[in-house]
Amino acid sequence: EKQYAQQLTNWSKKWKSMVEKGAQYGTLEKAWHAFMLAADKLSELHMEMQQHLAGADSAKVKHWQKEAFHKQLVGGFKETREAEDEFCKAQKPWVKKLKEVEVAKRSFHGACKEERAAQVRENNGRADQSMAPDQLRKLQERVERSLQEMEKSRERYEKSLEDLNRYNPKYMEDMEQVFDSCQDSERKRLQFFKEVLLDFHTHLDLSSVDSFRTIYRDLHKAIVAANEQEDLRWWHSTHGPGMPMSWPQFEEWFPEANRAIHRKEKCGQVMEEVTLTNILPSSGSMSHSSPPQDSGVKDYSSDWSDDESPRKCVSGSEEAVKVAAVRVRALYNYLGQEADELSFSAGEEFLKIGEEDEQGWCKGQLSSGQAGLYPANYAVPAHS
């Protein structure tokens, strides 16, 4: 779960950067960003799941294991040894009687075997005409002793078996008590793991989490909200034929007015001077056609390279004329390219403390107190 959450975060970070640097804009860009936002929120849910599984659930299992099973110094668990000892204790009297039955049985079977052998020898003696009467009499006496010994061993065998059978109920009762005790321990173990598995299911089942359903509901809304007509109108009004134009007009010459901007040629060519004509939307004319405060609108300030972006006047003689502070609102994101430029986000409000200069730059002051220059067409009066 932790690895999956990290993969979601890395995926979101990677594609968020690619979308911001790409050609997407307007409501469709919002839809793209909604995917990254959903991935971040889903990553948070899986991190919470990981914390539940590796935290509370694992601690619960470890605590139960510590309380239910106590390890011995010689190995194994104390509960296992106690159960085995209880079974042995319940079996011991019955096992003793069983051994007596086994001894009596072997004795009886041996006596039967001996009696049969004596009977065979007597029958053979009777059939042998050459056998002396004394020897035949001894064989008959041997048969009689064998019969008597067989009867005695039978009685001992039957008596020991009867004693064993009389003890069987007591043996069963003692064994059942030990067995019930073990069953009770096993029942607790099964119940505990059922509870643990239910906890696992609760934490793994994201479909029952309201925030999980909200993620995909918001993502669907963001995708449905993408409006190609609105995006095309914005592009037409901002970067197309409908954008306000500041056409070149006749200007008197002043020594400090014409400022040359240098741009390096590729492949080591010589420097050339370019004078900007400031064909940019003015702040007043943009207020009616720009989209509302929306962090989804792209910051096109990054489309300028360091050597191609319009420069503002920074010398003492060219400093913007100071005016009474006016609160303005940013239309777009802007990241300052120089140390004396401000950086702000779309919708952020700050103070305008200087009039627009020839190159289209104004002086402003952020709420943090930082003062610097910013493109005049990136902000409009806050009340408009």
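We're numbering straight along the sequence, starting at 1. Reckoned from all heavy atoms, side chains included, excluding hydrogens, waters and symmetry mates.
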- Grab the two heavy atoms, one from Asp231 and one from Leu28, that are nearest each other, plus how far apart they are. OD2-N, 3.2 Å

- Message: Can you tell me how far apart CG (Asn10) and CD (Gln6) are? Round to the nearest 0.5 Å.
- Response: 7.0 Å

- Query: Side-chain contact, heavy-atom cut-off 4.5 Å: Glu151 with Arg154?
  - Reply: yes

- Task: I would like to know whether Arg121 and Asn124 meet side-chain contact (heavy atoms from CB on, under 4.5 Å); could you show each step before the answer?
- Result: CA-CA 5 Å; Arg121 285 194 292 270; Asn124 292 336; 5.5 Å; no

- Do Leu161 and Val103 sit in the same hydrophobic cluster, where Ile, Leu, Val, Met, Phe, Trp and Tyr count as joined when their side-chain heavy atoms come under 4.5 Å apart? no

- Val178 with Phe77, same ILVMFWY side-chain cluster at under 4.5 Å: no

- Query: Less than 4.5 Å apart, any side-chain heavy atom of Leu373 and any of Lys363?
  - Reply: yes

- Tyr374 vs Cys362 side-chain heavy atoms within contact, under 4.5 Å: yes

- Can you list the residues that meet the side chain to side chain contact (heavy atoms under 4.5 Å, CB included) rule with Ser12, with sequence neighbours excluded? Lys16, Met36, Ala39, Asp40

- Task: May I have the step-by-step check of salt bridge (Lys or Arg N to Asp or Glu O under 4.0 Å) for Glu102 and Lys105, ending in yes or no?
- Result: CA-CA 5 Å; Glu102 292 293 333; Lys105 183 178 72 171; 3.5 Å; yes

- Nearest heavy-atom approach of Leu342 to Tyr334 is O-CD2, 3.2 Å

- Query: Would Ser153 and Ser107 count as a side chain to side chain donor-acceptor pair (under 3.5 Å) if you check the C-alpha gap in whole Å, the side-chain angles of each, and the deciding distance to 0.1 Å?
  - Reply: CA-CA 6 Å; Ser153 61; Ser107 176; 4.9 Å; no

- Task: Identify the heavy atoms of Glu29 and Glu20 that sit nearest to each other, and give their distance.
- Result: OE2-CA, 4.4 Å

- Find out whether Leu42 and Tyr216 are in side-chain contact, i.e. whether some heavy atom of one side chain is under 4.5 Å from a heavy atom of the other. yes

- Query: With a 4.5 Å heavy-atom cut-off, do Glu82 and Asp85 have their side chains touching?
  - Reply: no

- Query: So with a 6.0 Å cut-off around CZ of Phe179, is the heavy-atom count from everything else above 12?
  - Reply: no

- Note, Phe87 side chain near Met175 side chain (heavy atom, < 4.5 Å): yes

- Message: Would you say that more than 12 heavy atoms from the other residues, nucleotides or ligands in this model lie under 6.0 Å from the CE of Met131, or not?
- Response: yes

- Verify same cluster id: Tyr4, Met47 (apolar side-chain graph, 4.5 Å): no

- Query: What distance do Gln119 atom CD and Arg116 atom CZ have between them, rounded to the nearest 0.5 Å?
  - Reply: 9.5 Å

- Message: Please determine whether a side-chain nitrogen of the Lys or Arg among Glu122 and Arg126 lies less than 4.0 Å from a carboxylate oxygen of the Asp or Glu.
- Response: yes

- Note on the structure: From the list Arg142, Arg145, Met150, side chain to side chain contact (heavy atoms under 4.5 Å, CB included) with Glu114 holds only for Arg142

- Whether over 12 other heavy atoms sit under 6.0 Å from Tyr167 OH: yes

- Roughly how far apart are Lys14 NZ and Thr9 OG1, rounded to 0.5 Å? 14.5 Å

- Query: Does CD in Glu186 sit with more than 12 non-hydrogen atoms of other residues, nucleotides or ligands closer than 6.0 Å?
  - Reply: yes

- Item | Enclosure of Lys60 NZ (heavy-atom neighbours >12, cutoff 6.0 Å) | yes

- Kindly determine whether Glu158 and Glu162 satisfy side-chain contact (heavy atoms from CB on, under 4.5 Å), including the steps that lead there. CA-CA 6 Å; Glu158 291 177 349; Glu162 184 180 352; over 6 Å; no

- Item | Note: Glu149-Arg156 ion pair, threshold 4.0 Å (strictly below) | yes

- Message: According to a hydrophobic-cluster definition based on side-chain heavy atoms being under 4.5 Å apart (Ile, Leu, Val, Met, Phe, Trp, Tyr only), do Trp32 and Leu37 belong together?
- Response: no

- Query: Between Glu356 and Asn377, does a side-chain contact (heavy atoms from CB on, under 4.5 Å) hold up when you go through it step by step?
  - Reply: CA-CA 10 Å; Glu356 180 179 353; Asn377 62 329; over 6 Å; no

- Could you walk me through whether Lys78 and Lys71 pass the side-chain contact (heavy atoms from CB on, under 4.5 Å) test, one step at a time? CA-CA 6 Å; Lys78 176 183 177 183; Lys71 291 184 178 181; over 6 Å; no

- Message: Below 30° counts as parallel, above 60° as perpendicular, anything between as tilted: where do the rings of Phe192 and Trp64 land?
- Response: parallel

- List the atom of Ser160, the atom of Glu100, and the distance in Å for their closest heavy-atom pair. OG-O, 4.1 Å

- Pair Lys188 + Asp184, salt bridge at N-O below 4.0 Å: yes

- Task: Mind listing the closest non-hydrogen atom pair of Tyr378 and Asn333 along with its distance?
- Result: CE2-O, 3.6 Å

- Closest approach of Thr27 and Ala225, non-hydrogen atoms and distance? CB-O, 4.1 Å

- Query: Just how far is it from atom CZ of Phe193 to atom CG of Leu197, taken to the nearest 0.5 Å?
  - Reply: 8.0 Å

- Message: In terms of relative ring orientation, are Tyr25 and Trp235 parallel, tilted or perpendicular, with 30° and 60° separating the classes?
- Response: tilted

- Task: May I ask you to test the Lys170-Asp174 pair for a side-chain heavy-atom distance under 4.5 Å?
- Result: yes

- Parallel, tilted or perpendicular, as decided by the 30° and 60° cut-offs, for the rings of His52 and His203: parallel

- Item | Heavy-atom neighbours of His70 NE2 exceed 12 at 6.0 Å | yes

- Query: Does Glu341 reach the main-chain N or O of Gln337 with its side chain, forming a donor-acceptor pair under 3.5 Å?
  - Reply: yes

- Query: How are the rings of Trp11 and Trp15 set to each other: parallel, tilted or perpendicular (split at 30° and 60°)?
  - Reply: tilted

- Any donor-acceptor pair under 3.5 Å from Ser237 side chain to Gly242 backbone: no

- Task: Could you state whether Leu73 and Phe69 fall into the same hydrophobic cluster, counting links through intermediate Ile, Leu, Val, Met, Phe, Trp or Tyr residues with side-chain heavy atoms under 4.5 angstrom apart?
- Result: no

- Message: Let me confirm one number: the CG-CG distance from Asp199 to Leu204, rounded to the nearest 0.5 Å.
- Response: 10.5 Å

- Message: If the threshold is 4.0 Å, N to carboxylate O, is there a salt bridge linking Asp134 and Lys138?
- Response: no

- Going from CG on Leu164 to CH2 on Trp94, what distance comes out if it is rounded to the nearest 0.5 angstrom? 5.5 Å

- Message: Could you check whether any side-chain heavy atom of Leu351 comes within less than 4.5 Å of a side-chain heavy atom of Arg327, counting everything from C-beta outward?
- Response: yes

